[in-house]
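Following: one structure in structure tokens, then a few remarks.
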Amino acid sequence: MNNQPLSSAPVRSARRPLGLTIPAILGLALLAVPRAVLHDLSIIQSGTWVNSLFVFVPLIVWIAVAIAARVPRPFLTLLVVGVCDGVLLATVHQVFWGASFPDGPPSLGGNLSQIDTALQAVVFRGATAISSLFTGTVIGVLTGLVAELVALVIRGGSVAPVGDRRRAAEGR
């Protein structure tokens, strides 16, 4: 039996290993949803300054929140946000599939045009979902790397070993 007293120091990493709550992570991922919806509905077009705002402002907010919250591992935290973003992006594309293709869904051509249209739909929708998950994950990786570099600069260029980061996050 362990008779040592329990520490009253906050154990941030045990409760929130990512440094943010699940609602905060989902909230950050949700910031990217309006661009996907507006794009799928053809309200904004790629290459415009409005589209650029919808693309980059959420990512800047992700990085700013990770830095301001002093999450113990910005890369990991934003990777998870990116994966959540990918899931949301895939969902948006599936929900607005018909609006994205008002003249009918895409179809295979050439020798593959004889494949049943239902199977073609599964192929295209599946590829879209995988692409969305990959895109969100890559965005998470890139923003996580930027946040990690910014955190490194703020710390004065020293890289704290993971154990030291955990102790710092726990307030020890």
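These figures come from a predicted structure and were not determined experimentally.
- Looking at residues two or more places apart in sequence or on another chain, you find no side-chain contact (heavy atoms from CB on, under 4.5 Å) involving Val122.
- In the hydrophobic cluster analysis, where Ile, Leu, Val, Met, Phe, Trp and Tyr join through side-chain heavy atoms closer than 4.5 angstrom, Leu88 is grouped together with Phe96.
- Placement of Leu133 and Phe124 in two distinct hydrophobic clusters is found when ILVMFWY residues are connected by side-chain heavy-atom separations under 4.5 Å, directly or transitively.
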Distance-only check: which donor-acceptor pairs under 3.5 Å involve side-chain atoms of residues 47-55, not counting sequence neighbours?
residue, atom, partner, partner atom, Å
Thr48, OG1, Gln45, O, 2.9
Thr48, OG1, Asn51, N, 3.2
Ser52, OG, Thr48, O, 3.2

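- For the pair Thr117/Ser107, no side-chain contact is recorded, criterion being any heavy-atom separation below 4.5 Å from C-beta on.
- Side-chain atoms of Glu148 come within 3.5 Å of backbone N or O of Phe75 as a donor-acceptor pair.
- Taking all atoms of both residues into account, the shortest heavy-atom contact from Ala147 to Pro74 is CB-CB, 3.7 Å.
- Here the CD1 atom belonging to Ile60 is positioned 11.5 Å from the OG1 atom belonging to Thr143, to the nearest 0.5 angstrom.
- In the hydrophobic clustering of ILVMFWY residues, with side-chain heavy atoms under 4.5 Å counting as a link, Phe134 and Val141 come out apart.
- Interatomic distance, CD1 of Ile63 versus CG of Leu28, reported as 11.0 Å (0.5 Å rounding).
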Next on the checklist: Between Leu78 and Val81, is the side-chain contact (heavy atoms from CB on, under 4.5 Å) condition met? List the steps.
Outcome noted: CA-CA 5 Å; Leu78 293 183; Val81 172; 4.2 Å; yes
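- Annotation for Ser46 and His39: closest pair OG-NE2, 3.3 Å, computed over non-hydrogen atoms.
- Annotation for Ala151 and Ile67: closest pair N-CD1, 3.7 Å, computed over non-hydrogen atoms.
- A side-chain hydrogen bond (donor to acceptor under 3.5 Å, both in side chains) check over residues 84-96, counting only residues at least two apart or in different chains, returns the pairs Asp40-His93, Gln94-Arg125.
- A distance of 11.0 Å separates CG in Leu108 from CG in Asp116, rounded to the nearest 0.5 Å.
- In the hydrophobic clustering of this structure, Val65 groups with Leu30; members are Ile, Leu, Val, Met, Phe, Trp, Tyr whose side-chain heavy atoms approach within less than 4.5 Å, directly or through other members.
- Here side-chain hydrogen bond (donor to acceptor under 3.5 Å, both in side chains) pairs that include residues 131-140, with residues two or more places apart or in two chains, number zero.
- Taking Phe101 as the reference, Trp97, Pro106 meet the side-chain contact (heavy atoms from CB on, under 4.5 Å) condition, with sequence neighbours excluded.
- Taking Thr77 as the reference, Leu18, Leu20, Val71 meet the side-chain contact (heavy atoms from CB on, under 4.5 Å) condition, with sequence neighbours excluded.
- For Gly19 against Pro72, the heavy-atom pair with the smallest separation is CA-CD, 3.7 Å.
- Both Val80 and Val61 sit in one connected hydrophobic cluster of ILVMFWY residues. Membership requires side-chain heavy atoms under 4.5 Å apart, directly or through other members.
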